[in-house]
Amino acid sequence: MNSLVLCLLAVFGCTPASNEYQAPPPPEVTTANPVQQSLTIFIEENGETEAVEQADIRARVGGFVEKLSFEPGQFVSVDQELYRIEPDTYEANRNAAAASVEASKASIQVSEAALAAALAEVQKAENDLKRERRLEASNAGSQATLDAALASRDSALAQQKAAEANIEADKAKLLQAQAQLAQAELDLKYTVVRAPIEGRVSKTEIKLGNLVQVGSTLATVVDQRKIFANFSISDRKLLELVEARPETDEPADSPEDWSKIPVYLQRDGDTDQWLLGKLDYVDQRGIDQETGTFGLRADFDNQDGKLLPGMFVIIRLPVREISNAILIPERAIVRNQTGSYVMLVGSENQIEQRKISIGQTLDGWALIKEGLTATDTFVLDGLQRARPGSTVTPKPTELSTKDSPMLQAAVGPNNESAEPGSNSETAPTVNPTNDEPAPDSSTAD
């Protein structure tokens with residue numbers, strides 16, 4: 001028994017203690033330095049798209065639809081047949097009008113013959129009157145015979161005037177008949193309904209065999225290969241835009257002058273794709289006094305069909321450039337009721353919370369106006385593990401804006417870029433105005 005106790009004491013007495021607390025390693029966070037580059041400042045507004053060309057197909061004559069020659073959504077060319085309205089009535093009207101024209105021509109010929117006979121009778125009466133006057137002067141004729149010759153001459157002249165009036169009346173009837181024939185031919189032509197413009201045709205509003213009235217809407221043709229975007233800017237933003245217009249040889253405020261300003265468009269819901277266009281029209285009435293806004297319109301190439309009429313879109317217009325702008329991804333910013341902050345990694349990898357001032361945001365990036373330099377290291381990912389005063393294990397990564405077309409857009413005459421109006425994602429040039437940070441209003445989020 002004593003030996004067993006001694007053995008147990010020997011075993012437990014020789015075992016070292018192993019339950020001492022060991023602190024976990026500092027949490028890992030992804031860190032980065034801000035990107036420093038030149039940055040174009042944009043005016044941003046909401047807009048709505050509109051088809052450049054759209055035409056309603058309407059019936060110009062009434063009747064039953066006997067043929068449809070298209071499928072909904074089909075691309076049609078100008079003057080392509082779309083509908084055929086029953087032509088029988090209009091063919092009959094055309095034939096009747098043509099017969100009236102021929103009858104009027106025949107009546108003119110009869111009246112001209114009557115005029116020729118009247119002219120001959122006038123000539124005969126004039127000769128008889130001259131003879132009777134000679135006889136009366138030589139006392140060889142009688143007064144009664146002279147009076148009869150004079151009356152015959154006057155009657156012949158009256159018949160001549162009547163024949164001439166009949167010709168004029170018959171010519172007027174011919175003109176009327178020709179007008180009726182022209183209208184009848186037009187009506188017959190309109191029984192074939194053709195596309196007025198090139199584009200894609202909507203579904204038909206009138207089914208085969210139905211009766212249509214004059215003016216009935218049958219379908220719509222829309223050309224979406226180019227798209228307008230309508231939007232408005234405030235009078236203050238208009239001044240910025242005017243200052244940003246490139247200097248050209250075009251007359252000031254002319255459409256050609258305004259068209260030099262590039263315009264970016266993004267569809268609602270997109271995050272990284274921008275289409276490039278140009279200003280097409282500015283409101284010639286000036287600033288709306290009720291709203292204080294100025295209406296503009298831009299056009300965009302839409303050969304790929306990415307835009308549809310009636311879309312709500314985001315519009316951006318470049319106005320100036322900032323040199324050495326400090327940019328960081330928006331996801332690295334902590335926001336609360338007191339402002340915006342970033343978590344910096346300082347000496348000995350300790351976290352420091354620093355307040356920043358944010359300017360414009362573009363494509364998920366934020367322009368830092370105050371509070372950050374290009375050499376600062378901030379926490380990019382893992383903010384939930386970065387507490388002020390705590391220690392972290394940094395995992396550095398390098399940031400780049402090369403994949404962001406809006407951040408790569410350059411301002412200045414040396415930028416070789418795509419022509420406005422294409423769907424390129426590179427910005428054309430505008431004149432720089434200054435290098436100061438973006439203001440808090442109008443261009444700042």
Side-chain angles (χ1 to χ4, degrees), residues 55-67 69 78-196 211-216 218:
D56 290 335
I57 310 301
R58 296 182 180 272
R60 304 180 75 170
V61 294
F64 291 94
V65 177
E66 67 174 20
K67 184 180 180 183
S69 305
V78 178
D79 290 334
Q80 180 175 331
E81 179 179 328
L82 302 180
Y83 296 87
R84 187 180 293 272
I85 297 173
E86 192 174 41
D88 298 352
T89 300
Y90 300 101
E91 288 177 348
N93 292 341
R94 190 272 313 272
N95 294 337
S100 296
V101 169
E102 295 303 320
S104 297
K105 290 179 178 179
S107 295
I108 290 175
Q109 291 177 349
V110 172
S111 297
E112 288 175 343
L115 176 61
L119 289 174
E121 188 64 28
V122 168
Q123 186 63 42
K124 178 179 177 301
E126 289 284 358
N127 291 336
D128 290 345
L129 180 60
K130 289 179 181 179
R131 184 178 66 251
E132 291 300 327
R133 280 177 175 170
R134 287 195 302 269
L135 291 175
E136 194 273 335
S138 61
N139 295 322
S142 65
Q143 185 64 40
T145 305
L146 178 61
D147 292 342
L150 182 60
S152 296
R153 193 278 311 269
D154 291 342
S155 176
L157 288 175
Q159 290 178 0
Q160 175 188 345
K161 290 182 178 180
E164 290 173 346
N166 288 338
I167 290 177
E168 293 301 321
D170 289 338
K171 287 182 177 179
K173 290 180 180 179
L174 175 60
L175 291 176
Q176 183 178 9
Q178 289 173 334
Q180 292 174 346
L181 176 59
Q183 184 61 55
E185 288 176 340
L186 275 177
D187 290 343
L188 180 59
K189 176 183 177 182
Y190 292 153
T191 60
V192 178
V193 183
R194 302 182 182 276
L211 177 67
V212 298
Q213 305 293 333
V214 176
S216 297
L218 307 179

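The model shown is predicted, which means the values in this text are computed figures rather than measured ones.
The two atoms that bring Ala59 and Ile85 nearest to each other are CB-CD1, 4.3 Å, heavy atoms only. Considering every non-hydrogen atom in both Leu188 and Arg94, the closest pair reads CD2-NH1, 3.5 Å. Looking at every heavy atom in both residues, Ser104 comes nearest to Leu174 through CB-CA, 3.5 Å.
Inter-residue side-chain proximity for Glu66 and Pro87 is flagged as met; some heavy-atom pair is nearer than 4.5 Å. Using a 4.5 Å heavy-atom cutoff, the side chains of Val193 and Glu81 are not in contact. Residues Pro196 and Ile57 have side chains in contact (heavy-atom distance under 4.5 Å, counting atoms from C-beta outward).
Counted within 6.0 Å of CZ on Arg60, heavy atoms from surrounding residues, nucleotides or ligands total 12 or fewer; the atom is thus considered open.
For the atom pair CD1 (Ile167) and CD (Glu112), the distance works out to 5.0 Å, reported to the nearest 0.5 Å. Remark: Gln178 CD to Lys173 NZ distance equals 14.5 Å, nearest 0.5 Å. Note: Asn166 CG to Ile108 CD1 = 11.5 Å, rounded to the nearest 0.5 Å. For the atom pair Gln160 CD and Leu115 CG, the distance stands at 6.5 Å (nearest 0.5 Å). The CD atom of Gln159 sits 11.0 Å away from the CG atom of Leu119 when rounded to the nearest 0.5 Å. With rounding to the nearest 0.5 Å, the separation of CG in Leu175 from CG in Asp170 is 11.0 Å.
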Worked verdict on Asn93 versus Asp187 for side chain to side chain contact (heavy atoms under 4.5 Å, CB included): CA-CA 9 Å; Asn93 292 341; Asp187 290 343; 5.9 Å; no

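In this structure, Ser100 contributes its side chain and Ala96 its backbone to a donor-acceptor pair below 3.5 Å.
For the side chain to side chain contact (heavy atoms under 4.5 Å, CB included) criterion with Tyr90, the lone passing option out of Asn95, Val61, Leu186 is Val61.
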